[in-house]
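Written below as structure tokens is the structure these notes are about.
Below, chains carry the letters A, B, ... as their sequence lines are ordered, and counting in each starts from 1. What you see is a predicted model, and the numbers here were worked out from it, not measured in a lab.
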Amino acid sequence: MKKRTKKKAKKKSKTRRSKTTKTLTGVQQVKPAISDPHAGHHEGHSVVISGARDTQHRGHEIVVRTSYEITVDGQPFGGHVELDHAGRLYTHACPYQDFASALDMMKHIIEAYPDAFASTNGNCHQEAHA
Amino acid sequence: MIRHNILTNSQARDDFIQGVHLLKQEPWTNGLGVYDFFVYWHHQAMMERTPNPPVPSGSIRNAAHRGPVFLPWHRYMMLALERELRRVLAKDDFRLPYWSWTADAADPVNSALWGPQVMGGTGSPVGSGPFQRFGPNGLEWEIRLAQNPNTGQLQQVSRGLRRDIATHPFGTIPDTTAVNDGIALSTYDAFPWDNNASGATFRQRVEGPLHDVVHVWVGNVSGDMSLGTSPNDPVFFLHHANIDRIWRAWQERVGMNVYLPLDSEPAWLDRHRLNDMLHNLFGETVSPADMLDVDAQYTYDTLTF
């Protein structure tokens, strides 16, 4: 398998390598999608975060589907959350670690983004000046 | 052309610091600089979920992390930044320096890296060195893009850089033994191609127990290195140059063109297979295969840890 990989990769790299040596072009043409800095929690509807895991055991297929409905100060939390095969939670907000419980994850997010959860009544203050 | 240790090559250090400031100052769009483009790109790649079968609704991997493409995508990103730095510095021989954190593992808090002449210290905001909000000699380092945790989307902000080194319960950073144990693994990656904490394959071991731990060691909970917008801290690039060095050392042992998964693997591994297109925002056609042998563009001063 390794041998096959090597041959294919070598062939491709010869044909494409030049594309990685040119100056990065087109940056100025990229228009970023940036949200309203004052946008906060999702309003008016619940956000359900779901994940599914499966495995085979003694000829049986086991599927476990999990859903989370998370609110902070009564407001739906709409951040990206995923569930891995081990049942641990992962969020793009804090991508370099995962969490055994959704409660621990939310505590961590609130501490990681003090500007987004600055007030105690659930209103967001996204802009920070330091 | 050689990538050097930032703590042993003062020219590479000074060029890197000057270069990232120049990119920060160079306008991109909407008050953002070209440096901020790399923060944006990293976030966009992270937000692109790639499927996680066999249950279709699951999704763990993204276009840059938690899967096989982690190493080639970041090599590609580093090459792109390196090209931009050469341009603004007008130095064709500039190559990114790296932070050899294994060399600092015994006492990382007191590493020279956190000195005022290198990356500055810790704090919220960082209060010393060249990346203070309003630093010496007119140098300013403004964080302009942050994630809204409630939506996952980016928003424009104006604040100083945040670090919180050495306070996370993960403890210290990985040492030479940890890195060499990873390099000793023979398989690049394997099913289920995820970020399994056991680190049974080389890519899993590098991404989780080595890469993730250093991010969180620098950023703890709220430091910029711990967030999805981690390139906001220039230490990101020094750290990833070292991660790339670990990959290159593994390639030295196993073979330059060893990579998995192959194109014969199912479509649900899109973005991660050998000849899939790497996520980028400027229309280049580049795959993991293109990132396997880049010795023509740079080598490292040493592959010993």
- Query: Is the side chain of B:D290 donor-acceptor paired with the backbone N or O of B:S287 at a distance under 3.5 Å, no angle test?
  - Reply: yes
- Task: Among B:R162, B:H215, B:R163, find the one that has a side-chain hydrogen bond (donor to acceptor under 3.5 Å, both in side chains) with B:D233.
- Result: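 Of all the options given, the one that passes is B:R163.
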Heavy-atom cut-off 4.5 Å, strictly under: side chain, backbone, both or neither for [X] against chain A?
X	result
B:M47	both
B:L32	side chain
B:N62	side chain
B:H43	neither

- Message: I'd like to verify something: which residue of B:N220, B:L145, B:L227, B:D164 has the highest number of heavy-atom pairs under 4.5 Å with chain A?
- Response: B:L227
- Note on the structure: The side-chain contact (heavy atoms from CB on, under 4.5 Å) partners of B:P288 (sequence neighbours excluded) come to B:V69, B:P72, B:Y259, B:L278
- Counterpart residues, side-chain hydrogen bond (donor to acceptor under 3.5 Å, both in side chains), relative to B:H42 (two or more places apart): B:H65
- Query: Are the side chains of A:F99 and A:T91 in touch, meaning some heavy atoms are under 4.5 Å apart?
  - Reply: yes
- By a 4.5 Å heavy-atom criterion (distance strictly below it), what part of A:V81 contacts chain B: side chain, backbone, both, or neither?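 For A:V81, the contact with chain B is made by the backbone alone.
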